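Report on the following structure.
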2 protein chains.
Amino acid sequence: MQRYFVSTENWKDDSVTITGDDAKHILKVMRMQVGDDFICCDNKGRTSLCEIIEVDGNEVQTKIVKEIERSAELPVSVTIAQGLPKGDKLEYIIQKGTELGAFSFFPFAADRSVVKWDNKKAVKKKERLEKIAKEAAEQSHRNRVPDILNPGSFSDLLKMTEQYKIKIVAFEEEAKQNEISHFASALSTAEIGDSILCVIGPEGGISEKEAALLDDHGFLLCGLGPRILRTETAPLYLLSAISYHFELKG
Amino acid sequence: MQRYFVSTENWKDDSVTITGDDAKHILKVMRMQVGDDFICCDNKGRTSLCEIIEVDGNEVQTKIVKEIERSAELPVSVTIAQGLPKGDKLEYIIQKGTELGAFSFFPFAADRSVVKWDNKKAVKKKERLEKIAKEAAEQSHRNRVPDILNPGSFSDLLKMTEQYKIKIVAFEEEAKQNEISHFASALSTAEIGDSILCVIGPEGGISEKEAALLDDHGFLLCGLGPRILRTETAPLYLLSAISYHFELKG
């Protein structure tokens, strides 16, 4: 069933009002009418089945038919700290990473990042990334849209590490050396509700210098199997493995 | 280090001859010269460090400096049977699936496949998919290039199922019903060297009819967590989880 993320101020105890693009989508694209229903999420875990009771121009008035409890969120909060990659790979990582349950994304300028974050275009770019995350969250039936944090430097990344209980970094050199246990042992120490910070380098991976600094800051250097993964594939591997570990393996 | 897949007829006991596109790449793109070395794979598990001893026009003559044993292949053979998706998603699945260790790919026309495999363009299309697989295998340091099987029908898929010990199908309905254990229990029964057939539907997933037939043929209907994955994301989830299960978790 169609679902929309509606900000909390549009919610009352027994009703939700939808405006703007979502209302347009409901009326023009889905061609819904009074009596039709869909799912609304408030991005704080509340998920309700809503029925249209009135349409006023581009405003859709609904009543809440039923509260839906079930959460589609990963039991751990995974933040993907992604070294800025080339081209549209960041958009791709955010779309797929959202499907796979990421809690938030932090793009950072790594030693080997070829592209720089263009501050002139920053606002528009971040809006576009947020739109991609919102649409992927709706399509994958999530209860919240992951946060896109403001892109920063490597030292900004080091500053934010204290908030996280488990800190890992995908390190190609470890993969080449056939390191196989760090990532699995990190997950075995994780508990429901923990926050996990995963650092992935850009094309070419993180530098030896960055690896040493992350090591100093309590990061576990992890190989992700014997094959060398592209920068945009590594976060999907991490999120899939985390989902398998916590949601399927039980 | 740069690596190239070279067909067995170009191998002698102590030397490898590189011709065609790979030779061009070595000479024009990598600008290598006599004395430079790179890795050659014969796609049957043989991986050798080779040094250039002579360049004759577009032919590169090497001597084998050292045999390299280590395999970067998944310890189980995973075939991805992919319901034909829209647009360039099949190319994307083959590129990423190769990075993640797939053994072979079988595209099939599913009930909900919107696109049809165009037999007029079939040869060219398959060549393109094979090129994508070869390049992804080289980039990810694999020892073999996955096979791209000739696309077929759903009944062709049913015919090939006997060859596989473990047969699973990603089924959205199971995901919605919060089914969490089938995939993990399937992997727990798998042993090194086993062959695993993973069926993924196109956009919209496999139909109830297809699900019932696969069920009759010994397939396990598996949800892949509480989030609904796009058709091109499901195979990456399966391969990542299989790699985590066999290569990292130990």
Side-chain angles (χ1 to χ4, degrees), chain A residues 1 3 70-75 92 95-102 136-143 172 175-188 203 222-250, chain B residues 1 3 70-75 92 95-102 136-143 172 175-188 203 222-250:
Chain A
M1 179 175 294
R3 61 175 52 201
R70 174 174 170 242
S71 171
E73 296 302 310
L74 270 177
Y92 163 79
Q95 184 197 58
K96 294 275 165 274
T98 298
E99 280 180 68
L100 292 165
E138 287 168 347
Q139 175 272 332
S140 58
H141 293 197
R142 287 187 58 173
N143 305 71
E172 203 177 77
K176 287 180 186 157
Q177 287 152 36
N178 233 343
E179 180 283 308
I180 59 161
S181 61
H182 288 171
F183 177 48
S185 59
L187 289 193
S188 66
E203 293 86 355
C222 299
L224 302 180
R227 292 164 299 285
I228 305 302
L229 302 180
R230 286 186 167 88
T231 179
E232 73 272 24
T233 312
L236 313 191
Y237 182 105
L238 287 163
L239 287 162
S240 300
I242 290 169
S243 163
Y244 175 74
H245 183 88
F246 287 101
E247 296 182 319
L248 298 194
K249 207 162 54 59
Chain B
M1 179 177 293
R3 62 176 51 203
R70 174 177 170 239
S71 170
E73 295 302 309
L74 269 177
Y92 163 79
Q95 184 196 59
K96 294 277 165 272
T98 299
E99 280 180 67
L100 292 166
E138 287 168 349
Q139 173 273 333
S140 57
H141 293 197
R142 287 188 59 172
N143 303 70
E172 202 176 79
K176 288 181 184 156
Q177 286 152 36
N178 232 344
E179 180 283 308
I180 59 161
S181 61
H182 288 172
F183 177 49
S185 59
L187 289 193
S188 66
E203 293 86 355
C222 300
L224 302 180
R227 292 164 300 285
I228 304 303
L229 303 179
R230 285 184 168 88
T231 179
E232 72 273 23
T233 313
L236 313 189
Y237 183 104
L238 287 163
L239 287 162
S240 300
I242 289 168
S243 163
Y244 175 75
H245 184 89
F246 287 101
E247 297 182 317
L248 299 193
K249 207 161 55 60

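All figures in this text were calculated on a predicted structure; none of them were measured in a lab. Hydrogens, waters and symmetry mates play no part in the numbers below; they use all other heavy atoms, side chains included. The chains referred to below are lettered A, B, ... by the order of the sequence lines, with proteins before strands, and numbering in each begins at 1.
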Determine the minimum heavy-atom distance between B:Arg230 and A:Ala136, stating which atoms define it.
NH1-CB, 4.3 Å
Counting distance only, does the side-chain N/O of B:Glu99 pair as donor-acceptor with the main-chain N or O of A:Thr233 below 3.5 Å?
no
Distance from A:Lys249 atom NZ to B:His245 atom NE2, nearest 0.5 Å?
8.5 Å
Grab the two heavy atoms, one from A:Ala184 and one from B:Leu248, that are nearest each other, plus how far apart they are.
CB-O, 3.6 Å
So which part of B:Leu100 gets closer than 4.5 Å to some heavy atom of chain A, the side chain, the backbone, both or neither?
both
Find the one option among A:Ala241, A:Ala137, A:Ser188 whose heavy-atom pairs under 4.5 Å with chain B are most numerous.
A:Ala241
Heavy-atom closest contact (B:Tyr237 atom, A:Tyr244 atom, distance)
OH-N, 3.4 Å
Cut-off 4.5 Å, heavy atoms of chain B, and the answer for A:Leu187 is side chain
Relative to chain B, which segment of A:Gln139 carries a heavy atom at a distance below 4.5 Å: side chain, backbone, both, or neither?
both
Closest non-hydrogen atoms of A:Pro226 and B:Ser71, given as atom of the first, atom of the second and distance, are CB-O, 4.3 Å
Could you go through the side chain to side chain contact (heavy atoms under 4.5 Å, CB included) check for B:Arg227 and A:Arg142 one step at a time?
CA-CA 6 Å; B:Arg227 292 164 300 285; A:Arg142 287 187 58 173; 3.7 Å; yes
What residue, out of B:Leu239, B:Leu236, B:Leu74, has the most heavy-atom pairs lying under 4.5 Å from chain A?
B:Leu74
